[in-house]
Amino acid sequence: MPFQFENMNFQPRSNYTAVIYVQIGAPLNPNNALYKLVKTITRSQFIAKIIILWAADRSIPSRKRWPPTYHIPFHVINLDNSDRKKPYIFQGPVNIIDSANSQAAEIIKKSHDQKGGVRSSNSQIFASTETTDERLSISQRFFPFKEIETDAVLSLDEDAILNTDEVDFAFTVWRDFPDRIVGYPARAHFWDDSKNAWGYTSKWTNYYSIVLTGAAFYHRYYNYLYTNWISLLLLKTVQQSSNCEDILMNFLVSHVTRKAPIKVTQRKGYKDRETSRSPWNDPDHFIQRQSCLNTFATVFG
């Protein structure tokens, strides 16, 4: 693993790639959360590249609607390669890449055909030779795209609200703990005796066990593990619910490192989906995530 260089005073590179996952794709304008988020990231002193993963039903906005990123490379990857969503071709530092589904499926298939899965004491956790395009779904946000060239990945939801100082602070913390997830939105899981099952909560407490990937740093190595080694049983749980990919990534990292994620505190209070008025604050959403949590816990042990 990359983190085994720790004893050799290895230091990860001093920049990161921001990867913003877009599901809703609200109209882009200066007052839009995604527009503001790109502007915020552009001002970071450590940013190397910005990548938009476009999974929304809307067409990708034309170049003139995006904020300027100046010298910072800006890629928009279309996760839906249907004819009705052919992208604009941008000039300069902006690049749009189409047919991501086909690229991802082909790489996953080749990987499993060649490696035949990993040999593990718990074969349910890691992938077998079986392959399917169903693996892609919302898990595409953790695909190891070749455009990600830095060790550090800043994973963001399109409506994340952070300022540049908060982003840069989180990155400096991650550099000290490159094997862990380091970020802002924290959650907790707990054993519920009344239900004889694990519970999931977003309530603000002094305890947390999960840091969501809606605004978090992690090492790009985990994209490789998530895509190539996680079993189809776990990925199908994510695909069927269109949810829980962030929880699964937490399980994966903790399983590999035997360490907890790190929550960093914010200046103004991070606004995330599950604690604000949004579809993600629906009771069914929490029930779904609790179900995923118990499935993952059963498999990982």
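Note that the structure is a prediction, hence the values are computed from the model and not measured.
- Heavy-atom minimum distance, Ala48 versus Thr150: CB-CG2, 3.8 Å.
- A donor-acceptor contact under 3.5 angstrom links the side chains of Asp168 and Ser44, judged on distance only.
- Between the side chain of Asn163 and the backbone N or O of Glu166 there is at least one donor-acceptor pair closer than 3.5 Å.
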Handout entry: side-chain hydrogen bond (donor to acceptor under 3.5 Å, both in side chains) evaluation trace for Ser155 with Arg141
Key = CA-CA 8 Å; Ser155 175; Arg141 73 181 301 165; 3.3 Å; yes

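- Looking at every heavy atom in both residues, Lys263 comes nearest to Tyr184 through NZ-O, 2.7 Å.
- The CH2 atom of Trp229 lies 15.0 Å from the CG atom of Leu234; values are rounded to the nearest 0.5 Å.
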Practice task
Before giving the answer on side-chain hydrogen bond (donor to acceptor under 3.5 Å, both in side chains), spell out for Tyr21 and Thr213 the whole-Å C-alpha distance, their side-chain angles and the decisive distance to 0.1 Å.
Solution key: CA-CA 10 Å; Tyr21 187 73; Thr213 54; over 6 Å; no

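- The hydrophobic clustering, which links ILVMFWY residues whose side-chain heavy atoms are closer than 4.5 Å, places Ile247 and Phe190 apart.
- For the pair Gln239 and Ile138, the minimum side-chain heavy-atom distance is 4.5 Å or more.
- No side-chain heavy atom of Arg220 sits under 4.5 Å from any side-chain heavy atom of Tyr16.
- Taking OG of Ser202 as the reference point, atom CG of Leu212 lies at 9.0 Å (rounded to 0.5 Å).
- Here the shortest heavy-atom pairing between Trp54 and Val76 reads CB-CG1, 4.2 Å.
- No option in Thr164, Thr69, Leu156 other than Leu156 meets the side-chain contact (heavy atoms from CB on, under 4.5 Å) test with Ile41.
- Within a 6.0 Å sphere centred on CZ of Arg43, other residues, nucleotides and ligands contribute more than 12 heavy atoms.
- Heavy atoms only, all atoms of each residue included: Pro185 and Ala215 are closest at CD-O, 3.5 Å.
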Problem - Residues His219, Asp179; criterion side-chain hydrogen bond (donor to acceptor under 3.5 Å, both in side chains); working and verdict - result: CA-CA 7 Å; His219 198 287; Asp179 55 342; over 6 Å; no

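- Note: Phe142 and Tyr222 fail the aromatic proximity criterion, with ring centroids not under 6.0 Å apart.
- A donor-acceptor pair under 3.5 Å is formed between the side chain of Glu158 and the backbone N or O of Gly25.
- What you find for Ala188 and Ser209 is that their closest heavy atoms are CA-OG, 3.5 Å.
- Counting heavy atoms from C-beta on, the side chains of Val22 and Leu53 never come closer than 4.5 Å.
- Between the side chain of Trp66 and the backbone N or O of Pro61 there is at least one donor-acceptor pair closer than 3.5 Å.
- In this structure, the side chain of Ser242 does not engage the main chain of Val238 through any donor-acceptor pair within 3.5 Å.
- Between Lys36 and Asp159, none of the side-chain N atoms (NZ, or NE/NH1/NH2) sits under 4.0 Å from a carboxylate O, so this pair counts as no salt bridge.
- Only one option out of Val173, Thr172, Leu154, Val211 pairs with Val182 in a side-chain contact (heavy atoms from CB on, under 4.5 Å); it is Val173.
- Gln290 contributes a side-chain N or O that, together with a main-chain N or O of Tyr200, makes up a donor-acceptor pair within less than 3.5 Å.
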Problem - Worked verdict on Ile51 versus Thr17 for side chain to side chain contact (heavy atoms under 4.5 Å, CB included) - result: CA-CA 7 Å; Ile51 297 175; Thr17 300; 3.8 Å; yes

Practice task
With side chain to side chain contact (heavy atoms under 4.5 Å, CB included) as the test, would you mind laying out the steps for Arg187 and Tyr208 before giving the verdict?
Solution key: CA-CA 5 Å; Arg187 298 292 181 267; Tyr208 72 90; over 6 Å; no

Problem - Steps toward side chain to side chain contact (heavy atoms under 4.5 Å, CB included) verdict (Ile47, Thr42) - result: CA-CA 7 Å; Ile47 183 65; Thr42 300; over 6 Å; no

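- Contacts classified as disulfide bond (SG atoms under 2.5 Å apart) and involving residues 178-266 (residues at least two apart or in different chains) are given here: Cys244-Cys292.
- Side-chain heavy atoms closer than 4.5 Å link hydrophobic residues (I, L, V, M, F, W, Y) into clusters, and following such links, possibly through other members, connects Phe286 to Trp191.
- Proximity of a side-chain donor or acceptor of Gln240 to a complementary backbone N or O of Thr237 within less than 3.5 Å is not detected.
- Each disulfide bond (SG atoms under 2.5 Å apart) pair with one or both residues in residues 138-205, not counting sequence neighbours, would appear here, but there are none.
- Side-chain contact between Leu225 and Ile230 is absent, with no heavy-atom pair separated by less than 4.5 Å.
- Taking CD1 from Ile60 and CG from Leu28, the interatomic distance works out to 11.5 Å, rounded to the nearest 0.5 Å.
- Salt bridge annotation for Glu147-Lys49: absent, with no cationic side-chain nitrogen under 4.0 angstrom from a carboxylate oxygen.
- With hydrogens and angles disregarded, no donor-acceptor distance shorter than 3.5 Å links the side chain of Tyr226 to the backbone of Tyr221.
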Problem - side chain to side chain contact (heavy atoms under 4.5 Å, CB included) assessment of Phe296 paired with Leu248 - result: CA-CA 7 Å; Phe296 301 158; Leu248 180 55; 3.8 Å; yes

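- At a threshold of 4.5 Å between non-hydrogen side-chain atoms, the residues Leu293 and Phe251 count as touching.
- To the nearest 0.5 Å, the span separating CG on Asn15 from CG on Asp151 amounts to 8.5 Å.
- No side-chain donor-acceptor contact under 3.5 Å links Tyr218 to the backbone of Val253.
- Within the 4.5 Å cutoff, side-chain heavy atoms of Ile77 are placed close to those of Leu79.
- Taking CG from Asp165 and CD from Gln45, the interatomic distance works out to 9.0 Å, rounded to the nearest 0.5 Å.
- The shortest distance between side-chain heavy atoms of Phe217 and Ile181 does not fall below 4.5 Å.
- Asp246 has a carboxylate O that lies under 4.0 Å from a charged side-chain N of Arg289, or vice versa, which qualifies the two as a salt bridge.
- Residue pairs satisfying the disulfide bond (SG atoms under 2.5 Å apart) criterion with at least one member in residues 174-212, sequence neighbours excluded, are absent.
- Closest approach of Ser14 to Phe46, counting heavy atoms only: O-CD2, 3.7 Å.
- At least one side-chain heavy atom of Ile52 sits less than 4.5 Å from a side-chain heavy atom of Val38.
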